[in-house]
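In what follows, a single structure is set out as structure tokens and then discussed.
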There are 2 protein chains.
Amino acid sequence: MADDVTEQDSSSRPQRSIMSRPTMADVARLSGVSAMTVSRALKDGASVSAKTRERILDVIEEIGYVPDLTAGGLSSKRSGFVTSLIPTINNSNFSDTACGLTDAFSKHGLQLLLGYTDYSAAREEELVAAMLRRRPEGMILTGGFHTPRARHLLDSAAIPIIETWDLPDNPIDQVVGFSNAEATGAMVHDLYKRGYRNIGFIGGSSNRDTRGADRRAGYEIAMAELNLGEGHVITFGTPPISMEQGGQAIVQMIGQWPEVDAVICVSDLSAFGVIMECHRRGWDVPGRIAVAGFGDFEVSRCCWPSITTVSVNSYDIGKQAGELLLATLDSLRSGAEVKPATQKVGFKVVSREST
Amino acid sequence: MADDVTEQDSSSRPQRSIMSRPTMADVARLSGVSAMTVSRALKDGASVSAKTRERILDVIEEIGYVPDLTAGGLSSKRSGFVTSLIPTINNSNFSDTACGLTDAFSKHGLQLLLGYTDYSAAREEELVAAMLRRRPEGMILTGGFHTPRARHLLDSAAIPIIETWDLPDNPIDQVVGFSNAEATGAMVHDLYKRGYRNIGFIGGSSNRDTRGADRRAGYEIAMAELNLGEGHVITFGTPPISMEQGGQAIVQMIGQWPEVDAVICVSDLSAFGVIMECHRRGWDVPGRIAVAGFGDFEVSRCCWPSITTVSVNSYDIGKQAGELLLATLDSLRSGAEVKPATQKVGFKVVSREST
DNA sequence: GCAACATTTGTTACCGATAACATGAAGGCA
DNA sequence: TGCCTTCATGTTATCGGTAACAAATGTTGC
């Protein structure tokens with residue numbers, strides 16, 4: 001690899017100067033109006049005569065004025081921020097949700113402050129504390145598991161909170177999610193209908209990923225319902241879920257329980273790892289073993305064989321949560337009563353070539 | 001799919017009350033000191049007696065005071081924000097860079113404001129304008145292509161700017177990146193050394209992805225250097241790069257130029273699509289055709305055959321850019337001169353089973 | 001014991017916008 | 001014409017902190 005190199009090329013580019021920027025008062029002076037009129041000209045819906053507004057906008061363009069939302073927010077008591085915490089931005093399920101949130105908010109002048117917790121409740125707590133200092137107007141969390149202190153902070157923040165990607169037993173406020181256990185159970189039932197009887201489960205060994213733990217619980221419940229015995233579970237490593245872990249796990253699974261004819265993986269990423277390892281070892285999928293994942297990632301659609309999965313509309317979770325938050329903020333502002341609601345989002349078992 | 005359902009369960013959860021939060025003045029009054037002393041107690045390095053600080057912290061804990069960074073930032077003229085714009089958060093290369101940035105900043109009390117441009121310069125311009133209203137202390141951009149208005153906004157913002165993932169001809173300020181053309185050229189040379197002579201290229205048809213266009217240019221330059229003719233290029237769709245597009249492109253490539261014995265893809269994602277399509281059709285990789293990608297995504301490491309790629313340390317681009325920005329801010333504050341520098345980051349051709 | 005200095009705390013002004021209220025001008029209607 | 005309404009604009013106070021300076025208190029050394 002070429003070594004990292006730094007070039008000092010002061011000659012080619014001038015040092016950029018740092019100087020103070022124009023304020024609303026500057027615009028006001030140059031347009032011959034008061035600062036308040038400038039403020040109104042920038043807010044649509046306010047009563048400013050057409051020609052005054054035009055003059056003001058000309059001045060703004062000319063001197064390159066950029067309004068300072070920090071000051072505006074302090075005064076109006078509305079920061080324009082909404083915070084979202086997701087486990088990682090490196091998982092397209094969660095980043096899709098973040099996109100849905102951004103899209104829901106951007107038209108309404110709200111900006112998303114994104115943080116990632118690395119699947120750690122302690123880190124989530126830190127982030128909650130850090131984010132609350134920005135006075136967000138609402139917060140969107142992933143999952144229903146939080147430290148007591150995080151819950152306390154959120155409670156006293158007195159802003160709308162939405163928990164997503166889960167159906168917590170004891171929600172803080174509003175919820176947009178689904179039951180990970182139920183969804184995994186549906187996959188077990190689907191495999192059963194297709195004739196598989198020795199169904200294994202591959203998942204993380206840590207409870208840090210609570211959705212992963214819920215999926216495993218759903219697997220165990222469904223196995224019991226169908227009288228398929230205790231099941232065969234292989235666990236590996238800590239979150240985030242990686243493809244490679246799946247490859248290691250399937251080798252262990254087959255070694256330990258050769259009778260297993262199907263595996264459900266906690267995520268499509270591990271399912272992909274399983275399938276690649278099977279290719280490598282010449283085990284036919286689904287002939288020797290059927291493989292199912294969770295999350296409907298792009299890789300599952302494109303993989304050969306394509307991977308059976310539980311499809312959840314990740315983007316829509318974000319979009320719905322965003323819209324619910326907007327509606328809640330509207331209600332609060334108009335003084336209407338807001339009833340905490342739980343919005344269940346649908347999921348679907350998508351059967352593909354791998355089962 | 002189960003229909004989306006909303007439950008109104010007002011009975012089970014009380015409506016959360018929205019009330020005003022304690023301020024620093026409240027803390028001051030309850031601790032019997034002035035607000036300024038509270039402010040000092042919260043800032044480490046300030047001279048406050050141990051017992052006063054303890055008393056203040058007790059009060060803060062008791063009433064659940066959360067400092068308001070909005071107000072603090074307005075007063076101190078330091079927002080504590082740094083903005084980063086990336087094409088999409090759904091690509092682990094860029095999200096890794098964002099993680100590197102977050103890690104570099106978080107210890108220094110700076111918070112990352114992340115935006116994604118969807119590979120559109122117009123959207124980037126909008127985001128630049130929107131972000132500048134938050135008075136970020138610096139900005140990290142992806143690539144060197146920006147609209148004139150965006151450049152103008154950035155120039156007059158008078159904050160340090162770092163362009164990444166590229167070596168722009170005419171940089172705004174500082175740069176942390178590498179030459180996408182050179183990197184792709186290195187891949188062509190590597191394939192040549194391995195004996196491939198009919199090397200094709202699969203990339204996007206749009207110039208919106210300027211790094212993609214640079215990679216294609218690098219391919220063409222290297223083909224000319226090696227006297228391998230004009231080369232064979234198949235282009236498809238618009239960014240973001242998808243796996244499926246690779247699958248379509250390889251079929252077209254083989255149909256049009258059956259003599260092609262190796263393809264370089266603009267990204268590992270399309271390379272993966274190519275390989276899966278080859279599996280599906282029974283074309284051996286690398287026997288019938290060798291396949292190389294770009295970016296060293298997880299899928300390339302885990303895939304069978306594993307995919308030859310150009311590896312760039314995405315996380316490190318973010319980390320380095322973050323540290324460069326921190327150093328620049330330090331220098332500016334201490335009044336030292338700051339020379340715009342270009343930091344080249346290394347890349348490496350990683351040969352795997354697919355070539 | 002007191003000057004000289006260090007440490008801790010307080011006071012005032014201000015960051016840059018907006019809310020709330022006040023004012024002035026233009027238009028409508030009897 | 002005169003009064004009332006409507007629309008456009010200005011004035012003042014304020015949001016919740018921090019910078020800068022001032023004052024008070026504690027500490028040290030001779």
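Chain identifiers are assigned alphabetically (A, B, ...) following the order of the sequence lines, protein sequences preceding nucleic acid strands; residue numbering begins at 1 within each chain. On a predicted model such as this, the values are computed, not experimentally measured, just so you know.
Mapping A:Met36 and A:Ser47 onto DNA chain D via the closest heavy atom, the residue that lands nearer the 5' end is A:Ser47. Looking at which nucleotide of DNA chain C each of B:Gly32 and B:Arg135 is closest to, the 5′-most match is held by B:Gly32. Comparing B:Lys77 and B:Arg40, the nucleotide of DNA chain C nearest to each residue sits closer to the 5' end for B:Arg40.
Distance, A:Leu42 CG to C:dA19 C1': 16 Å, rounded to whole Å. B:Arg53 places its CZ atom 9 Å from the P atom of C:dT8, with the value rounded to the nearest Å. The nearest whole Å value for the distance from the CZ atom in A:Arg134 to the P atom in D:dG17 is 13 Å. Between A:Leu74 atom CG and D:dA13 atom C1' the separation is 13 Å, expressed in whole Å. Rounded to a whole Å, the CZ atom of B:Arg29 is 19 Å from the C1' atom of C:dT9. We find that CE of B:Met24 is positioned 15 Å from C1' of C:dG10, with the value rounded to whole Å. Taking atom CG on B:Asp68 and atom P on C:dG16, their separation rounds to 17 Å, with Å as the unit. With rounding to whole Å, B:Glu54 atom CD is found 17 Å from C:dT8 atom C1'.
Applying the 4.0 Å criterion to OP1 and OP2 of C:dA17, one finds that A:Tyr65 has a side-chain N or O inside that range. Using a 4.0 Å cut-off, some side-chain N or O of A:Lys43 falls inside it from OP1 or OP2 of C:dA19. Checking the phosphate oxygens (OP1, OP2) of C:dG16, no side-chain nitrogen or oxygen of A:Thr70 falls inside 4.0 Å.
In this structure, A:Ser76 reaches the sugar-phosphate backbone alone: every heavy-atom distance under 4.0 Å involves primed, P, OP1 or OP2 atoms, never a base. Nucleic acid contact for A:Ser34: base, since at least one base atom lies under 4.0 Å from a heavy atom of the residue. Nucleic acid contact class of B:Thr52 (heavy atoms, under 4.0 Å, all strands): sugar-phosphate only.
Counting only distance, with no hydrogens or angles, the side chain of B:Arg208 and the backbone of B:Asp118 share a donor-acceptor pair below 3.5 Å. Put simply, the side chain of A:Thr102 gets close to the backbone of A:Ala98: a donor and an acceptor are under 3.5 Å apart. Without hydrogens or angle criteria, A:Thr328 side chain to A:Leu324 main chain gives a donor-acceptor distance under 3.5 Å.
Side chains of B:Leu101 and B:Val82 form no contact here, defined as non-hydrogen atoms less than 4.5 Å apart. Side-chain atoms of A:Ile161 and A:Gln174, non-hydrogen and from C-beta on, never get closer than 4.5 Å to each other. In this structure, B:Thr142 and B:Leu85 have side chains that are not in contact, with every pair of non-hydrogen atoms separated by 4.5 Å or more.
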>> Using ring pair (Phe, Tyr, Trp, His ring centres under 6.0 Å), reason through A:Tyr315 and A:Phe94 one step at a time and then give a plain yes or no.
In response: CA-CA 8 Å; A:Tyr315 177 87; A:Phe94 299 126; over 10 Å; no
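A heavy atom closer than 4.0 Å to some atom of DNA chain D occurs in no member of residues 125-133 of chain B.
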